[in-house]
Amino acid sequence: MPGSEWGTASEQRFNVNLSILFTELPLLERPAAAAAAGFTAVELWWPWVDSPTPERPELDALRKAIEDAGVQLTGLNFYAGQLPGPDRGALSIPGAESERFRANVDVVADFARSVNCKALNALYGNRVEGVDPAEQDALALENLVLAARAADRIGAILLIETLNGPESPLYPLVSAPAGVAVVDRVNEATGLGNARFLMDLYHLSMNGEDLPSVIERYAAKTGHVQIADNPGRGAPGTGTLPLEELLGRLRKAGYEGWVGLEYKPGERPSAEAFDWLPAEARAAR
């Protein structure tokens, strides 16, 4: 994107999602790779898809990798099942998956506290055939209340994310209003006010939403933003989304939080997938 004012004019704070970028490397090498590309902040989906409660040495090794790289972990997902894969969260799924989510809540909060991470993302989970959606929603609220309280214990916010219908047809939160409604319900139930909307501009665009309108209506309730271009979920400039303009609108609407780079690098090493962003704009200011 030659001549772009990315990052400099808009003064964004970018972080790299290490669960979609640098995945050609082992988990423990990714924080250093992000640092070598010029970034000072990273985020992660829950890295242990098969275990909500990994052994202490695994947690310690990840913490050390983050600290040794000199990057800040700014966001972490709660256990979400097989992600990447068929699952989209665990907290609304009755039975074993809900129990795994609950077992994971304090593990995530304690790890986040150990690395001073202040945003925890709880994916809602897919609808289950044969289960009343109202039953799933009641369970979801119970578990989100637990997660919000755990986040509050460490001074963090709880994020609730909207995904997109074409790629996640069983996920019930596929519009900005649906995601924000859950945020409001959680805040009403806890009285803590620490639940926030995760505004993923790629997912919202896939849903065909009016992005300037979404920003105008919901910037004040947004705790984190993620970006990828559309179509393709690639780097900015590979599709047709006016991401620079949209981030400028977010700034004007008062959003000063992180912008997570949650896009696919394409057929190239991840280190080469940041040419759209000037080197001087990668380190958080």
Side-chain angles (χ1 to χ4, degrees), residues 17 19-20 23 43-52 75-105 108 120-148 158-186 189 195-211 214 218 222-228 230-234 260 262-264:
N17 188 301
S19 298
I20 194 168
T23 58
E43 64 183 30
L44 276 167
W45 303 342
W46 181 245
W48 298 280
V49 295
D50 295 319
S51 175
L76 179 63
N77 281 19
F78 289 99
Y79 170 79
Q82 297 291 319
L83 183 76
D87 299 333
R88 297 291 186 271
L91 62 89
S92 67
I93 299 177
E97 278 294 84
S98 172
E99 293 304 317
R100 289 188 189 101
F101 177 84
R102 292 186 186 204
N104 176 247
V105 165
V108 167
L120 306 178
N121 183 28
L123 284 169
Y124 200 82
N126 288 330
R127 290 301 194 208
V128 178
E129 188 175 353
V131 179
D132 183 352
E135 179 188 339
Q136 283 196 260
D137 291 339
L139 177 63
L141 185 57
E142 284 180 33
N143 284 335
L144 286 167
V145 165
L146 293 175
L158 172 70
L159 297 170
I160 295 165
E161 182 174 7
T162 288
L163 301 182
N164 74 76
E167 294 175 322
S168 302
L170 300 178
Y171 193 81
L173 308 183
V174 289
S175 73
V180 171
V182 174
V183 168
D184 289 343
R185 282 200 291 273
V186 173
R196 295 279 189 279
F197 180 48
L198 196 167
M199 184 186 291
D200 185 310
L201 295 176
Y202 166 75
H203 288 312
L204 296 174
S205 71
M206 283 285 288
N207 289 328
E209 296 191 59
D210 179 337
L211 298 182
V214 168
Y218 299 125
T222 297
H224 187 48
V225 170
Q226 291 174 331
I227 63 169
N230 187 25
R233 202 175 184 175
E262 197 188 49
Y263 59 78
K264 298 174 183 177

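In this text the structure is predicted, and so the values were computed from the model without any measurement.
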Step by step, work out the side chain to side chain contact (heavy atoms under 4.5 Å, CB included) result for H224 and E43. CA-CA 11 Å; H224 187 48; E43 64 183 30; 2.7 Å; yes

Decide yes or no on side chain to side chain contact (heavy atoms under 4.5 Å, CB included) for I93 and Q136, but give the supporting numbers first. CA-CA 6 Å; I93 299 177; Q136 283 196 260; 4.3 Å; yes

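Smallest separation of non-hydrogen atoms from S92 and P94: O-CD, 3.4 Å. In plain terms, the two heavy atoms of P47 and L76 that are nearest each other are CD-CD1, 4.4 Å. Y171 and R88 get closest at one heavy-atom pair: CE1-O, 3.3 Å. Between L204 and A176, the shortest heavy-atom distance links the atoms CD2-N, 3.8 Å. The minimum heavy-atom distance between S19 and W45, with the atom names listed, is OG-N, 2.9 Å. Closest approach of N207 and G165 over heavy atoms only: OD1-N, 2.9 Å.
When atom types are taken as modelled, the side chain of N126 and the backbone of P86 share a donor-acceptor pair closer than 3.5 angstrom. No donor-acceptor pair closer than 3.5 Å links the side chain of N121 to the backbone N or O of N77. For N104 (side chain) and P52 (main-chain N/O), a donor-acceptor pair under 3.5 Å exists by modelled atom type. Side chain of W48 to main chain of D50: no donor-acceptor pair is present (N/O by atom type, distance under 3.5 Å, no hydrogens or angles). Distance alone, capped at 3.5 Å, places no donor-acceptor pair between the E97 side chain and the L91 backbone.
Note on ring orientation: taking the six-membered ring where Trp is involved, the planes of F101 and F78 are tilted (angle from 30° to 60°).
Only one option out of D210, N164, N230 pairs with S205 in a side-chain hydrogen bond (donor to acceptor under 3.5 Å, both in side chains); it is N230. The side-chain contact (heavy atoms from CB on, under 4.5 Å) test with L163 is passed by exactly one of L173, L123, L198: L123.
Once rounded to the nearest 0.5 Å, the distance linking CG of N143 with CD of E99 reads 8.0 Å. Distance check: I20 CD1 to K264 NZ gives 6.5 Å after rounding to the nearest 0.5 Å. In this structure, CZ on F197 lies 10.0 Å from CD1 on I160, to the nearest 0.5 angstrom. Note that CD of Q226 and CG of L159 are 8.5 Å apart. Values are rounded to the nearest 0.5 Å. The CG atom of L211 sits 7.5 Å away from atom CD of E209, with the distance rounded to the nearest 0.5 Å.
Put simply, the side chain of V225 reaches to within 4.5 Å of the side chain of T222, judged on heavy atoms. Side-chain contact between P177 and Y218 is present, with heavy atoms from C-beta onward closer than 4.5 Å. Proximity of V182 to D184: side-chain heavy atoms (C-beta onward) are nowhere separated by under 4.5 Å. M206 has its side chain out of reach of S168: every pair of non-hydrogen atoms, C-beta onward, lies at least 4.5 Å apart. No side-chain heavy atom of T162 sits less than 4.5 Å from a side-chain heavy atom of D200. Under the 4.5 Å side-chain criterion, counting only non-hydrogen atoms from C-beta, R233 is in contact with E262.
By the 4.0 Å N-to-carboxylate-O rule, D137 lies close enough to R127 to be salt-bridged with it.
Checked by atom type, the side-chain pair H203/E167 shows no donor-acceptor distance below 3.5 Å.
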